[in-house]
Structure formats: structure tokens, C-alpha cells
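Okay, so here's the structure we're looking at.
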Amino acid sequence: WWHMPVVPATQEAEAGGSLELTQAVKATVSHDCTTALQPAAKCFRGKKVLGDYDIKVEQAEFSELNLVAHADGTYAVDMQVLRNGTKVVRSFRPDFVLIRQHAFGMAENEDFRHLIIGMQYAGLPSINSLESIYNFCDKPWVFAQLVAIYKTLGGEKFPLIEQTYYPNHKEMLTLPTFPVVVKIGHAHSGMGKVKVENHYDFQDIASVVALTQTYATAEPFIDSKYDIRVQKIGNNYKAYILHIATNSQYKLWVDTCSEMFGGLDICAVKAVHGKDGKDYIFEVMDCSMPLIGEHQVEDRQLITELVISKMNQLLSRTPALSPQRPLTTQQPQSGTLKDPDSSKTPPQRPPPQGGPGQPQGMQPPGKVLPPRRLPPGPSLPPSSSSSSSSFSSAPQRPGGPTTHGDAPSSSSSLAEAQPPLAAPPQKPQPHPQLNKSQSLTNAFSFSESSFFRSSANEDEAKAETIRSLRKSFASLFSD
């Protein structure tokens with residue numbers, strides 16, 4: 001892991017020309033390799049990024065790591081370390097990672113894909129790319145890329161071995177030509193591979209596949225004369241056949257394979273040369289490949305230079321080394337509901353179904369509509385009904401005159417009315433059978449909500465109401 005604190009280019013002088021970087025590298029010991037585990041810090045000792053910033057190295061296996069990543073770009077990696085013989089957890093924030101360990105294996109507790117996902121979630125740059133590392137977690141998925149290359153280049157330029165894929169044991173009924181090599185699941189370093197001589201052994205292997213509940217592949221057994229391994233680290237190539245020089249054909253193999261999954265900075269192609277004089281490609285490895293031969297020290301140095309080159313590129317094209325996306329904050333909305341102010345227009349409720357909303361005003365008595373229920377919440381101004389000749393009135397209040405359109409505060413029903421008619425108001429004639437209270441009620445026919453309106457028509461309606469009220473009082477008490 002490489003840790004690069006946020007130090008803009010303009011602050012280089014203030015930083016004293018040094019930048020702390022943190023890196024953790026896992027160099028695995030393969031079953032077919034006697035390479036000892038080398039401390040990554042030794043490879044990066046004295047190296048600098050852009051010639052100014054020192055490199056601090058952290059090295060750990062996947063099993064010793066954990067992490068948390070947030071969508072805002074922040075993340076932290078936890079690493080188990082030994083202090084005085086006791087395991088403790090230390091957190092740090094890397095900015096680059098070199099992965100030299102398989103992210104997935106068939107053995108127990110060898111599935112670390114969740115950590116690869118977390119690194120991708122955090123946006124960590126790496127060698128190889130996290131996308132390619134995740135794609136390499138299933139060998140048949142990688143072999144499918146080799147099949148695509150074979151179809152493009154042809155068998156002469158890219159001699160890919162024949163292979164059959166079985167998604168489960170149920171499909172292992174077709175008998176191949178024997179002998180064959182059966183590979184069970186995603187195994188490494190010779191594990192999970194069995195040479196099958198006849199169809200009886202093939203059926204036995206099918207039962208083993210049933211127990212593992214995974215996929216399997218079968219390919220013809222090649223009686224090889226020697227093995228071939230062509231590796232590429234950055235722009236450096238090596239071919240291992242008793243360490244012969246890399247020819248153009250081997251270079252074509254590894255160059256073409258290095259383009260899969262968006263590009264592989266470190267990869268190797270494995271093949272065999274049969275006694276029939278033909279080459280057979282059967283596997284491609286990514287950055288977790290073991291280093292072999294007498295040039296392992298040189299290969300480690302090549303990997304070190306490749307990492308520093310990538311870090312230089314990242315550092316040179318970004319003004320800040322570890323930019324973070326700012327958090328998007330939102331001002332909280334107030335949940336306090338205030339009483340409507342007479343100087344402000346109250347919020348409008350959507351018009352009822354059946355017709356557009358219209359302004360309210362004084363209406364002559366008409367057909368009474370049943371009260372309509374409103375959702376609980378703040379009191380809103382009433383909307384008009386779809387019928388121009390109807391309105392609803394609230395229940396009468398005991399102990400006083402009841403007015404049309406007066407809605408009680410304890411009810412969710414809503415009084416509705418229509419705008420006044422264009423005809424001039426007539427002088428109300430008191431009915432001889434009506435008492436004074438009933439006459440006054442008929443004359444006082446405006447709703448409480450009319451006081452919240454401020455248009456010219458509404459003011460005129462109020463004035464007409466007052467004039468009608470005065471005339472009603474005069475007629476009532478004239479006798």
C-alpha cells in the first residue's frame with residue numbers, strides 16, 4: 001500500500017520536498033517456486049516519487065487486512081500487526097496497492113474478493129487493475145478471453161489448447177478422448193488437477209465434482225518435451241524454456257493476453273511444447289504469478305520500477321495527491337407549522353377531482369354537499385367544488401348563530417363555496433315565519449376563509465356583505 005497525503009504541487013516547497021507514501025506488497029511462495037518471501041520495504045528503500053517524495057511500505061497478506069469504504073470517497077484499511085508478541089490492529093489510508101497474492105482460491109478461507117470489491121469501492125489505484133484481478137478469480141472466465149484471442153489470431157499464431165467446460169457434474173456425460181486433464185474449480189499451483197486415463201476414472205472424477213459443487217474443465221493431456229513460460233512486467237519480457245531468448249511468437253502471446261480486462265501490467269502465459277512438435281497454450285496468469293529462475297531479483301526490481309512509474313503518472317496529472325469528493329449537504333427543512341399570516345398568501349391545496357379550482361366567495365344557499373375528508377395537517381384554504389351551484393356548510397355551533405361555510409377547527413371537513421354571481425345583490429326580504437336569528441343567519445352568509453383573500457373582487461364582496469347586513473338589521477328593527 002502506498003499512502004500519499006494531500007499535498008498540492010504548490011505546497012512542495014512548504015513540505016520540504018518529502019511525501020510519505022504507504023505501500024503493502026504480498027510476495028507469495030508458490031508450490032512450484034522456492035523463492036523466499038522478500039520484504040517489500042527493502043525493494044523500495046531509497047526510492048522516491050517524482051524525485052522528491054519518500055516511500056513508506058506496509059506489507060501484509062489478505063488475511064491480515066480489512067477495510068471500510070464510503071461513497072463520499074473516504075476509506076481506511078485495518079492491518080493486523082505484531083507488537084511485543086500481541087496482535088494489534090492499526091489503521092492507515094493507502095493510495096496505491098500492488099497485489100502479489102491470489103484473491104480467490106478453492107481452499108477454506110481463501111476468498112478475498114470482498115477486499116478487492118472494497119478497494120474498487122474506495123477507488124484505489126493498483127497493479128494490476130482491480131477490475132482485472134476480480135476477473136481472474138475464475139479461470140474458465142479467463143480462458144474465455146483466450147478463446148476470443150484464438151478466434152482473432154488463429155491457431156498458428158495463438159495455439160490454444162482444446163478445452164471443454166462443465167458448469168457442474170450433471171453435464172460430465174460426454175466422454176472426451178483420453179487421456180485428459182480435469183481441473184476442478186479455481187485451483188492454483190497444481191491443486192485440483194487430475195490426469196484421467198479412461199472413462200471409468202472420468203466418472204469417478206465427476207462424482208468428486210458433485211461433492212465440490214463447482215465447475216470443471218477437461219483438456220487433452222499433452223506429452224510435453226518442455227514447458228514454456230512467457231512473462232511480461234511492464235515493457236520487459238522473459239521466456240523460460242531452459243531460459244531461452246524470447247522470440248516474436250512468444251512476445252505476441254503475452255502482448256495479446258496483456259490487453260485483456262482493460263490491460264495487465266504484469267502477466268505470464270503458460271504453454272507446453274509437445275513431443276509432436278506443437279505448442280499448446282493452456283493458461284495465463286496475472287500479477288499473482290510467482291517469480292522463477294535466476295532473475296528473480298531483477299524481476300522484483302522491475303516490479304518496483306513499474307510501481308514507481310505508475311505513482312509518478314498519478315501524481316503528475318492530479319494537482320492534489322489524494323483528492324476527495326466533497327460531501328453534499330442539504331439544509332434541513334423546518335418541521336414547524338406556523339399559522340397563516342394575513343400579509344402572506346397561504347399555500348394552495350390542489351383542486352379537487354372533477355374540475356379546476358376557483359376562488360371562493362359569497363353564495364346563495366343551494367344543495368348541501370357532504371363534508372369532504374382532508375389528510376391531517378395544517379389548515380389550508382378551501383377549494384371550490386366542480387358544481388357552480390353547490391357548497392357545503394359546517395355543522396351549526398350550539399349557543400350562537402351558524403354561518404354558511406364556517407368550518408370548525410376540530411373537524412377535517414372543508415366548507416366549499418362558489419364565487420358571487422354577477423347580478424347586483426337584492427335587498428333581502430324577511431320571511432314572516434322566520435325569527436330574527438334565522439333571518440340574521442341567512443344574511444350573514446360568508447365563510448371565515450374569505451378573510452384570507454386579498455383580491456379586489458373579494459373586497460367588493462365583503463363590502464356588499466356588510467351593506468346587506470346593515471339593511472337586514474334595519475328591516476328587522478324597523479317595526
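Just so you know, residue 1 is the first one in the sequence shown, and it goes up from there. Predicted model, so just to flag it, every value in this text is computed and none were measured.
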*Before giving the answer on side chain to side chain donor-acceptor pair (under 3.5 Å), spell out for Asn84 and Thr86 the whole-Å C-alpha distance, their side-chain angles and the decisive distance to 0.1 Å.*
CA-CA 6 Å; Asn84 299 326; Thr86 304; over 6 Å; no
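Asp265 pairs by the side-chain hydrogen bond (donor to acceptor under 3.5 Å, both in side chains) definition with Lys310, not counting sequence neighbours. Every residue was checked against the side-chain hydrogen bond (donor to acceptor under 3.5 Å, both in side chains) condition with His169, not counting sequence neighbours, and none meets it. Listed by chain and residue number, Glu219 satisfy the side-chain hydrogen bond (donor to acceptor under 3.5 Å, both in side chains) test with Gln163 (two or more places apart in sequence, or in another chain). For the ring pair (Phe, Tyr, Trp, His ring centres under 6.0 Å) test, no residue two or more places apart in sequence or in another chain qualifies with Tyr134. With sequence neighbours left out, the ring pair (Phe, Tyr, Trp, His ring centres under 6.0 Å) criterion links Tyr280 to no other residue. For Tyr215, the side-chain hydrogen bond (donor to acceptor under 3.5 Å, both in side chains) partners at least two apart in sequence or on another chain are Asp138.
A 6.0 Å sphere centred on OH of Tyr150 holds no more than 12 heavy atoms belonging to other residues, nucleotides or ligands. Counting heavy atoms of neighbouring residues, nucleotides and ligands inside a 6.0 Å radius, atom CG of Asn235 does not exceed 12 of them. In this structure, Glu162 places its CD atom where only 12 or fewer heavy-atom neighbours from other residues, nucleotides or ligands lie under 6.0 Å away. At most 12 heavy atoms of other shown residues, nucleotides or ligands fall within 6.0 angstrom of atom NZ in Lys225.
Checked for salt-bridge contact, Lys232 and Asp255 meet the test: a charged N lies under 4.0 Å from a carboxylate O.
Classification of the His273-Tyr226 ring pair by plane angle, with boundaries at 30° and 60°, yields parallel.
Note that CD1 of Ile308 is 10.5 Å distant from CG of Leu50, once rounded to the nearest 0.5 Å.
Between the side chains of Gln231 and Asp299, a donor-acceptor pair is found at a separation under 3.5 Å.
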